[in-house]
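Report on one structure; see the data block that follows.
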Amino acid sequence: MAPALVPPGLVSEKRHKVTVVGSGNWGSTISKIVAENAKENPDVFEEEVQMWVYEEDVTIAKDSPHYDPSVGDAPQKLTAVINKYHENVKYLPNIKLPTNLVANPSLVDAVNNSTILIFNLPHQFIHRVSKQLQGHILPFARGISCIKGVEVSDEGVALFSEWIGDGLGIYCGALSGANIASEIAAEKWCGTTIAYDPPPMDSSRNPTPRTQTPSRDSPRGSGVNLGFTPLADLQHKDARGRPSKTKLVSVPPEYPPLDHETFKTLFQRPYFRVRMVSDVAGVSLGGALKNIVALAAGFVIGQGLGDNAKAEIIRVGLCEMLKFGKEFFSETVHPDTFTVESAGVADLITSCSSGRNFRCAKMAVEQGVSVAEIEAKELNGQKLQGTSTAQEVYSFLKKRGLEKEYPLFTAVRDIIEGKYPTSDLLSLIQDD
Ligand SMILES: NC(=O)C1=CN([C@@H]2O[C@H](COP(=O)(O)OP(=O)(O)OC[C@H]3O[C@@H](n4cnc5c(N)ncnc54)[C@H](O)[C@@H]3O)[C@@H](O)[C@H]2O)C=CC1
Ligand SMILES: O=C(CO)COP(=O)(O)O
């Protein structure tokens, strides 16, 4: 097909530099996706994509195609191995990564001059990483959090998208869905949801005419170019609909706009179908809370119960997710996000079938050991999010005297703590 003729004055002068902060199982998979798209869209993105790697030593096994007899069993730096073989041999083995993806052990160097930051690491590590990033990122950068978890403090429960955004003084959206990384890395088809509610200033100038991205909810995040609406009338709101604490800096006009269409271009692949929405709170909460439900599903299947019992766990879990969203994020969470989007019910189903939380909980019951023991033994350094999320959500609810209103979330936490055996789970969630 002949390239579209774009009048010269409407082509952006600069390209977005993309950095993925994190390189685990999902971090490496998302890096593969965005590097493929950066290469295919040179008018929008710089070709080279940076991936920050928490450096560690790895040993290449003798039967690996990457085994080098001159190195033998000597430990090698993971970043060097990734850049030489284009494979993350520890966290995403046997998957070829694009050659325009560069593994970088220096966080500060990896984010230098990046306009798009994708946060993709286990939630227990984001505090330290975020602190190290302060003062080193472009003030007009924009973020997407792929982290599944919530941040609980004395003040309450916060979403990582808002926590990262407030901490770094940037706008941050969220990506979540029925996305088992190993399937996507093998390019098996799936859907995902990206919630991005762009600050009005990002859509208020638009050098290249763009088509509208399908989007279901609020006009602020509909992907429609807002034209030249005066900025003073467009106070940006946070994920709860309150005026944002963060004073955002506009993306300079030399760059392509950072709107729904740009993010869809960055993430969508033939095997990874993106739906853009504006409900950042709903997408983030869905990704966090479903991990608690997946543990419960594992506890049930581990006891030898069947799909009917698991379906009931999913139903009760979905009800508690909806209740939690309504109770604590009533201004912004759209119930449809849980019932219609990949980030809601689809993620629940896949996570309760083959997610790590489900698998480890099931094995823990079968082997009569704790979930933490299975995590350490079976996951080769990968991290579960459900166990810490269950604790964090419980302490948030307990502080408000609401733990009994969420029997499934509370039962999962109590079982992890050893307060009850897994065989009590069903009686703990029955309401009569
Ligand atoms: N793996 C999956 O199938 C999916 C995971 N997610 C979510 O994506 C997020 C990231 O998960 P994964 O990439 O799968 O990670 P992972 O579970 O593979 O975790 C290991 C990562 O943590 C890093 N790490 C270890 N110690 C560290 C430290 N002290 N500081 C910083 N990093 C450290 C390791 O280098 C490695 O990159 C999580 O919130 C997860 O829930 C979301 C969708 C799918
Ligand atoms: O979030 C996931 C799938 O969407 C993966 O869940 P686990 O972390 O339980 O593997």
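Counting starts at 1 for both ligands and their atoms, following the listed order.
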What are the atoms of ligand 2, with element, lying closer than 4.0 Å to any heavy atom of Lys148? 1 (O), 2 (C), 3 (C), 4 (O)
Can you tell me which residue and heavy atom of the protein come closest to atom 35 (O) of ligand 1, and the distance to 0.1 Å? Tyr54 CB, 3.5 Å
State the atoms of ligand 1, each with its element, that fall below the 4.0 Å cut-off from a heavy-atom position in Ile147. 39 (O)
Taking atom 42 (C) of ligand 1 as the reference point, the nearest protein heavy atom with its distance: Trp26 CD1, 3.2 Å
Looking at atom 37 (O) of ligand 1, what's its closest protein heavy atom, distance included? Gly24 N, 3.0 Å
Considering Ser31, Ser176, Ala181, Ala185 one by one, which has a heavy atom nearer to atom 3 (O) of ligand 1 than any of the others? Ala181
Contact atoms of ligand 1, heavy-atom distance to Glu56 under 4.0 Å: 35 (O)
Could you tell me the residue and atom name of the protein heavy atom closest to atom 44 (C) of ligand 1, and the distance to it rounded to 0.1 Å? Asn179 O, 2.8 Å
Atom 10 (O) of ligand 2 has as its nearest protein heavy atom Arg356 N, 2.7 Å
Does the side chain of Val280 come within less than 4.5 Å of Tyr171's, by heavy atoms? yes
Charged N to carboxylate O below 4.0 Å: is that the case for Arg15 and Glu46? no
Suppose I only count heavy atoms of Gly355 and a 4.0 Å limit; which atoms of ligand 2 are within that range? 9 (O), 10 (O)
Heavy atoms only: give me the nearest Ser278-Asp197 pair and the separation to one decimal. O-CB, 3.8 Å
Residue Asn120 vicinity, atoms of ligand 1 by number, heavy atom under 4.0 Å: 8 (O), 9 (C), 10 (C), 13 (O)
Cys146: numbered ligand 1 atoms lying under 4.0 Å from its heavy atoms: 7 (C), 8 (O)
Among the heavy atoms of Gln385, does any lie under 4.0 Å from an atom of ligand 2? no
Scan Ile30, Thr192, Ile33 and name whichever one has a side chain to side chain contact (heavy atoms under 4.5 Å, CB included) with Ile184. Ile33
Nearest-neighbour protein heavy atom for atom 38 (C) of ligand 1, which is reported as residue plus atom name and distance: Gln385 OE1, 3.5 Å
Over all atoms of both residues, closest heavy-atom pair of Ala390 and Val412: CB-CG1, 4.1 Å
Sub-4.0 Å atoms of ligand 1 with respect to non-hydrogen atoms of Gly381: 20 (C)
Determine, using heavy atoms of Lys290 and all atoms of ligand 2, whether some pair is separated by less than 4.0 Å. yes
Ignoring angles and geometry beyond distance, decide whether Lys148 reaches within less than 3.5 Å of ligand 1 through its nitrogen or oxygen atoms. yes
Does Gly177 reach ligand 2 with a nitrogen or oxygen that is under 3.5 Å from one of the ligand's nitrogen or oxygen atoms? yes
Salt bridge flag under 4.0 Å for residues Glu405 and Arg400: no
Would you say the side-chain atoms of Thr99 and His86 include a donor-acceptor pair closer than 3.5 Å? no
Between Lys362 and Glu366, is the closest basic N to carboxylate O distance under 4.0 Å? yes
Numbering as shown, the atoms of ligand 2 that approach Asn357 to under 4.0 Å (heavy-atom distance): 7 (P), 8 (O), 9 (O)
In the protein, what heavy atom is nearest to atom 19 (O) of ligand 1, and what distance, to one decimal place, separates them? Pro122 CG, 3.3 Å
Do the numbers put Lys323 on top of the ring of Phe409, so that NZ or CZ is under 6.0 Å from the six-membered ring centre and no more than 45° off the axis? no
Counting distance only, does the side-chain N/O of Ser395 pair as donor-acceptor with the main-chain N or O of Glu392 below 3.5 Å? yes
Which bit of Asn25 is near ligand 1, meaning a heavy atom under 4.0 Å away: side chain, backbone, both or neither? both
If the cut-off is 4.0 Å to any non-hydrogen atom of Asn179, which atoms of ligand 2 fall inside it? 3 (C), 4 (O)
From Ser351 OG over to Ile314 CD1, what is the distance, rounded to the nearest 0.5 angstrom? 9.5 Å
Sub-3.5 Å donor-acceptor pair from the side chain of Asn357 to the main-chain atoms of Leu295, do we have one? no
Closest heavy-atom contact between Val157 and Glu162? O-OE2, 4.3 Å
Under a 4.0 Å N-O cut-off, is there an ion pair linking Glu56 with Lys90? yes
Indicate yes or no: does an N/O atom of Asp347 lie under 3.5 Å from an N/O atom of ligand 2? yes
Those atoms of ligand 1 less than 4.0 Å from some heavy atom in Ile180: 3 (O)
Atom indices of ligand 2 within 4.0 angstrom of Ile180 heavy atoms, with elements: 3 (C)
Do Gln50 and Lys17 make a side-chain contact, defined as non-hydrogen atoms from C-beta onward lying under 4.5 Å apart? yes
So which heavy atom in the protein is nearest atom 23 (C) of ligand 1, and how far is it from that ligand atom? Phe125 CE1, 4.2 Å
Is it true that Glu55 and Lys77 make a salt bridge, defined as a side-chain N closer than 4.0 Å to a carboxylate O? no
What about Lys383: any of its N or O atoms under 3.5 Å from an N or O on ligand 1? yes
Taking distance alone, with no angle check, do Arg356 and ligand 1 share an N/O pair under 3.5 Å? yes
Heavy atom of the protein closest to atom 34 (C) of ligand 1 (residue, atom name, distance): Tyr91 OH, 3.5 Å
State which residue, out of Ile170, Asn112, Val108, fulfils the side chain to side chain contact (heavy atoms under 4.5 Å, CB included) condition with Ile137. Ile170
Provide the number and element of each atom of ligand 1 under 4.0 Å from a heavy atom of Ser23. 37 (O)
